Q: 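Below is a structure I'd like to ask you about.
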Amino acid sequence: MIRMKTSNIFYMMCATALFSSCHIYKAYDRPEDINADGIYRDPISLTDTLAVTDTTNMGNVPWKEMFTDPKLQALIEEGLANNVDMQAAILRVEEARVMLTSARLSFLPSINLAPQGTATTMDGGSFVKAYTLPVAASWQVDLFGKLLNASRSQKTAYLQSQYAQQAVRSQLICGIANTYYTLLMLDQQEEITAKTVDIYAENVRVMEAMKIAGMTTEAAVTQTRAVYHQTSASLIDLRRQIRETENSLSVLLAKAPQQIDRGTLDEQIMPEDLTTGVPLQLLANRPDVKIAEMNLASAYYSTNQARAAFYPGLNITATAGWTNGSGITVSNPGQFMFQALASLAQPIFNNGKLIANLKVTKAEEEIAKMNYQQTILSAGQEVSDVLHLYDACNNKLIEDKARIEQLEKAVVYTKDLFQSGSATYLEILTSQQSLLSAQLTEVSDNIQRIQAVINLYSALGGGRE
């Protein structure tokens, strides 16, 4: 009767352990309360949330279709092949792959050859030589998922390294594109400024001739020269910026600073219809969001490992080989030996370490979950900001074109008034300066619009292909 009760208790304990450990074997699933709805803010609507009607996502567009300038494509390919950060990211993926392979091999027994030999003499007598040539094997049986969760955790680390490589790739592609278009902007601004310098040089010549003829004053000539020198100085500054931008782009390409072969701003064609896709795609495309989710998955498996530590651990060891020493006598020739040992260790009292470790891992899992949700919100903010920037740039360009059109007319009208004696030459200079400023601003706003497209492409996880 006592034996039956004892066996029943034993079976009940085993059943309880089995059912309570079911969660340990469960793979990670994205929590249902992680929310990505409504994270895109409409740039123009008063209702805040962007109404997504098209599931097309420009982040899925291959970068060669996004950036069609052949010279830019060549620079991007060079950067992907040579950039130091990109090469380091590739090596980190390889490191993580090796560690994952190691974690998977932990399910198999470890086998070691450990030969030993001794030589013993007593009171100067002859040596007694003993040897052992064993092969020792050890196998940890994964009863309660300790090795399984460790392997799954290592897989999340491997996936993290892949997503980190994607992040570096996307940042590199968009960084090269942004720098390239900045160069084109500076080229066009330099061209506009250089033409204006020539105009101002002619203005100085005309004003000096007019002073000789008594048609203007030395003060007016001095003012004209000052404007000429100011514009010449800005041209020098633009050329400095061009040189520095070329140097920065060269470093991105992992080569010595040098001149960059490039096209012109007028040749560039960028997408006009920006599609963000459904918010859920952001979770699948953006590397930083995927990295945050892998952090959560890793924390989940760490919690499972902490739970598994409460359950028994089974280890099986075996030794086989030849020896001529039994520990008592030495015999020749040696004899074959085999020994097997199984040990079961059940934690009973570990000074509260196991409970404390479980509480810590649960807290870390909750922190990882909050960070994951926050990363999604930050990604939505980035997309929303870029959408508004793009819309603002479009509106600014409309105003820029209208402003330039009016200022060009103002220059013509002022020249006509000057010839009729109703305006001074300084008024012509003022109108020309205003036109130059407006033209430079239009170029700058146009590049800001192009960069908004590039940044949206990056914010949606573009550049994977």
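Residues: numbered from 1 along the sequence shown. In this text, all values refer to a predicted model and were calculated from it rather than measured experimentally. Heavy atoms only: backbone and side chains are in, while hydrogens, waters and symmetry mates are out.
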Q: Does any donor atom in the side chain of R30 or Y372 lie under 3.5 Å from an acceptor atom in the other side chain?
A: yes
Q: With a cut-off of 6.0 Å (strictly less than), are more than 12 heavy atoms of other residues, nucleotides or ligands near CE of M99?
A: no
Q: Minimum heavy-atom separation for S161 and V93, please, with both atom names.
A: O-CG2, 3.3 Å
Q: Let's go through Y158 and Q162 carefully: what are the C-alpha distance in whole Å and the side-chain angles of both, what is the deciding distance for side chain to side chain donor-acceptor pair (under 3.5 Å) to 0.1 Å, and is it a yes or a no?
A: CA-CA 6 Å; Y158 174 60; Q162 289 184 315; 3.3 Å; yes
Q: Do the side-chain N and O atoms of E427 and T414 include a donor-acceptor pair separated by under 3.5 angstrom?
A: no
Q: Looking only at atom types and distance, does a side-chain atom of S302 sit under 3.5 Å from a main-chain N or O of S298, one as donor and one as acceptor?
A: yes
Q: On a heavy-atom basis, which atom in L147 and which in Q140 lie closest, and how many Å separate them?
A: CD1-O, 3.8 Å
Q: How about CZ on F107, more than 12 heavy atoms from neighbouring residues, nucleotides or ligands closer than 6.0 Å, or not?
A: yes
Q: List the steps, then state whether side chain to side chain contact (heavy atoms under 4.5 Å, CB included) holds for Y457 with F67.
A: CA-CA 11 Å; Y457 182 65; F67 308 115; 4.2 Å; yes
Q: Q189 and side-chain contact (heavy atoms from CB on, under 4.5 Å): which partner among L238, I242, L235, I447?
A: L238
Q: If I compare all heavy atoms of S151 with all of R104, which pair ends up nearest, and what's the gap?
A: OG-CG, 3.7 Å
Q: Determine yes or no for a side-chain-to-main-chain donor-acceptor pair under 3.5 angstrom, with Q258 supplying the side chain and A256 the backbone.
A: yes
Q: Check whether the side chains of N295 and N371 place a donor and an acceptor atom closer than 3.5 Å, and report yes or no.
A: no
Q: Would the distance check show the side chain of S248 and the main-chain N or O of E244 forming a donor-acceptor pair, the cut-off being under 3.5 Å?
A: yes
Q: If we only count heavy atoms from C-beta on, is the K211 to T217 side-chain gap below 4.5 Å?
A: no
Q: Show me the side-chain donor-acceptor pairs of residues 174-187 shorter than 3.5 Å, one per line, residues at least two apart or across chains.
A:
residue	atom	partner	partner atom	Å
N178	ND2	C174	O	3.3
N178	ND2	N455	OD1	3.3
T179	OG1	G175	O	2.8
Y180	OH	D69	OD2	2.7
Y180	OH	G263	N	2.9
Y181	OH	Q268	OE1	3.4
T182	OG1	N178	O	2.8
T182	OG1	Q451	NE2	3.0
D187	OD1	R262	NH2	3.0
D187	OD2	R262	NE	2.5
D187	OD2	R262	NH2	3.4

Q: Below 4.5 Å, heavy atoms only, C-beta onward: do L80 and W63 meet side chain to side chain?
A: yes
Q: Do the side chain of N203 and the main chain of T224 share a donor and acceptor less than 3.5 angstrom apart?
A: no
Q: Quick check: does any side chain N or O of S170 sit under 3.5 Å from a backbone N or O of G462, one acting as donor and the other as acceptor?
A: yes
Q: Decide whether E78 and N83 meet the rule of one side-chain donor and one side-chain acceptor closer than 3.5 Å.
A: no
Q: Determine yes or no for a side-chain-to-main-chain donor-acceptor pair under 3.5 angstrom, with E246 supplying the side chain and Q259 the backbone.
A: no
Q: Mind listing the closest non-hydrogen atom pair of K369 and P31 along with its distance?
A: CE-CB, 4.0 Å
Q: Would you indicate whether the side-chain heavy atoms of R243 and R240 approach each other to under 4.5 Å?
A: no
Q: Show, in sequence, the C-alpha distance, side-chain angles and deciding distance for E190 and K195, and conclude whether the salt bridge (Lys or Arg N to Asp or Glu O under 4.0 Å) test is met.
A: CA-CA 9 Å; E190 180 199 21; K195 289 179 180 178; over 6 Å; no
Q: Run the side chain to side chain contact (heavy atoms under 4.5 Å, CB included) test on M207 and M215 for me, step by step, so that the C-alpha distance in whole Å, both residues' side-chain angles and the decisive distance to 0.1 Å come before the verdict.
A: CA-CA 9 Å; M207 290 294 286; M215 298 173 61; over 6 Å; no
Q: Between A150 and Q305, which heavy-atom pair has the shortest distance, and what is it?
A: CB-NE2, 3.5 Å
Q: Donor-acceptor pair, T303 side chain versus A299 backbone, under 3.5 Å?
A: yes
Q: Verify the neighbour count for atom NZ of K290: are there more than 12 heavy atoms of other residues, nucleotides or ligands below 6.0 Å?
A: yes
Q: Do NZ/NE/NH1/NH2 and the carboxylate oxygens of K401 and E405 come within less than 4.0 Å?
A: no
Q: Please confirm whether the backbone N or O of T430 pairs with a side-chain atom of S434, one donor and one acceptor, at under 3.5 Å?
A: yes
Q: When you compare the side chains of Y163 and E293, does any donor N or O come within less than 3.5 Å of an acceptor on the partner?
A: no
Q: Between E202 and V206, is any pair of side-chain heavy atoms under 4.5 Å apart?
A: yes
Q: Given side chains that start at C-beta, do those of E442 and E399 come closer than 4.5 Å, heavy atoms only?
A: no
Q: Quick check on I90: does its CD1 atom have over 12 non-hydrogen neighbours (other residues, nucleotides or ligands) under 6.0 Å away?
A: yes
Q: Can you tell me if R225 has over 12 outside heavy atoms packed within less than 6.0 Å of its CZ?
A: yes
Q: Just wondering, do I454 and S458 contact through their side chains at under 4.5 Å, heavy atoms?
A: no
Q: What's the verdict on side chain to side chain contact (heavy atoms under 4.5 Å, CB included) for D237 and Q241, showing C-alpha distance, side-chain angles and the deciding distance?
A: CA-CA 6 Å; D237 191 52; Q241 292 180 51; 3.0 Å; yes
Q: Ignoring hydrogens and angles, state whether a donor on the side chain of R449 or N446 is under 3.5 Å from an acceptor on the partner side chain.
A: no
Q: Pick out which of L440, D198, I236 makes a side-chain contact (heavy atoms from CB on, under 4.5 Å) with T193.
A: L440
Q: Is L113 atom CG crowded by more than 12 heavy atoms from other residues, nucleotides or ligands, each under 6.0 Å away?
A: yes
Q: Taking the six-membered ring for Trp, are Y200 and Y228 ring centroids under 6.0 Å apart?
A: no
Q: Side-chain contact test, heavy atoms from C-beta onward, threshold under 4.5 Å: evaluate it for E408 versus V412 and give yes or no.
A: no
Q: Quick one, E364 with T361, criterion side chain to side chain contact (heavy atoms under 4.5 Å, CB included). Give me CA distance, side-chain angles, the key distance, then yes/no.
A: CA-CA 5 Å; E364 290 297 322; T361 54; 5.5 Å; no
Q: Indicate the atoms forming the closest heavy-atom contact of L296 with E365, along with that distance.
A: CD1-O, 3.5 Å
Q: Can you spot which of D445, D391, T441 makes a side-chain hydrogen bond (donor to acceptor under 3.5 Å, both in side chains) with K396?
A: D445
Q: Decide yes or no for L358 and R307: does some side-chain heavy atom of the first lie under 4.5 Å from some side-chain heavy atom of the second?
A: yes
Q: Is there a donor-acceptor contact under 3.5 Å from the side chain of R152 to the main chain of Y25?
A: yes
Q: Given E94 and R97, is the salt bridge (Lys or Arg N to Asp or Glu O under 4.0 Å) satisfied, shown in steps?
A: CA-CA 5 Å; E94 182 61 21; R97 186 191 66 78; 2.5 Å; yes
